[in-house]
Amino acid sequence: LHFSLFVLNGTPQEMKDNNKSKTLGAQLKYQLSPQIKLTYNGVIGPEKDDNNSDYSAIHNLIAEVDLQSQFQFAAEFTNGSESNDSAPNN
């Protein structure tokens, strides 16, 4: 079992923060067996310019299965949301 927790300040594109709040992230890795690994990544925090109250959240789950020594199967599911999103619903 491996767990990481982190605090983000700013975005890699600008290398500066766009508001006064911080974004929190976590990663949890668990090996069910020598052949099966699960990884969860999550990030939550306000990411809009000059806005400290509208939160964005991204959740990511990765499953990896070693089928044989030469083959690996991996599946990934990612879900994101943002409060007060102004994008149209499609």
Side-chain angles (χ1 to χ4, degrees):
L1 181 67
H2 170 81
F3 178 74
S4 298
L5 185 64
F6 49 94
V7 178
L8 302 170
N9 187 36
T11 60
Q13 293 84 6
E14 297 183 23
M15 296 305 289
K16 64 178 183 171
D17 204 358
N18 59 350
N19 56 39
K20 296 190 183 311
S21 294
K22 304 299 177 244
T23 296
L24 301 176
Q27 182 180 68
L28 180 65
K29 291 183 176 183
Y30 185 68
Q31 188 151 353
L32 293 169
S33 71
Q35 294 82 23
I36 302 172
K37 295 178 270 188
L38 297 175
T39 303
Y40 167 80
N41 299 294
V43 178
I44 186 168
E47 290 302 321
K48 293 180 181 177
D49 291 339
D50 300 318
N51 183 325
N52 297 305
S53 59
D54 291 336
Y55 279 72
S56 299
I58 299 173
H59 304 280
N60 173 254
L61 181 63
I62 303 167
E64 299 172 80
V65 179
D66 291 329
L67 301 174
Q68 295 177 2
S69 62
Q70 298 175 344
F71 298 100
Q72 182 183 60
F73 173 79
E76 178 179 12
F77 174 77
T78 302
N79 178 283
S81 64
E82 185 172 278
S83 58
N84 294 319
D85 185 9
S86 60
N89 294 328
N90 293 327

Looking at Ser4 and Ala26, would you say the former's side chain and the latter's main chain have a donor-acceptor pair under 3.5 Å?
no
Please identify each residue that fulfils side-chain contact (heavy atoms from CB on, under 4.5 Å) with Asp66, with sequence neighbours left out.
Gln35, Gln72
Between Gln68 (side chain) and Gln70 (backbone), is there a donor-acceptor pair under 3.5 Å?
no
When rounded to the nearest 0.5 angstrom, what is the spacing between CD1 in Ile62 and OG1 in Thr39?
5.5 Å
Separation between CD (Glu64) and NZ (Lys37), nearest 0.5 Å, reads 4.5 Å
With a 6.0 Å cut-off (strictly less than), is the heavy-atom count around CZ of Phe71, excluding the residue itself, greater than 12?
no
For residues Tyr30 and Leu1, report the shortest heavy-atom separation together with the two atoms involved.
CD1-CD1, 3.8 Å
Between Thr78 and Glu76, does the side-chain contact (heavy atoms from CB on, under 4.5 Å) criterion hold? Intermediate values first, please.
CA-CA 7 Å; Thr78 302; Glu76 178 179 12; 3.6 Å; yes
Heavy-atom side-chain contact between Val7 and Leu24 under 4.5 Å
yes
Looking only at heavy atoms, the pair that brings Leu38 and Leu32 closest together is CD1-CD1, 3.7 Å
Minimum heavy-atom distance between Leu67 and Phe73, given as atom pair plus value
CD1-CB, 4.1 Å
Just how far is it from atom CD1 of Ile44 to atom NE2 of His59, taken to the nearest 0.5 Å?
6.0 Å
More than 12 heavy atoms from other groups under 6.0 Å of CZ on Phe6
yes
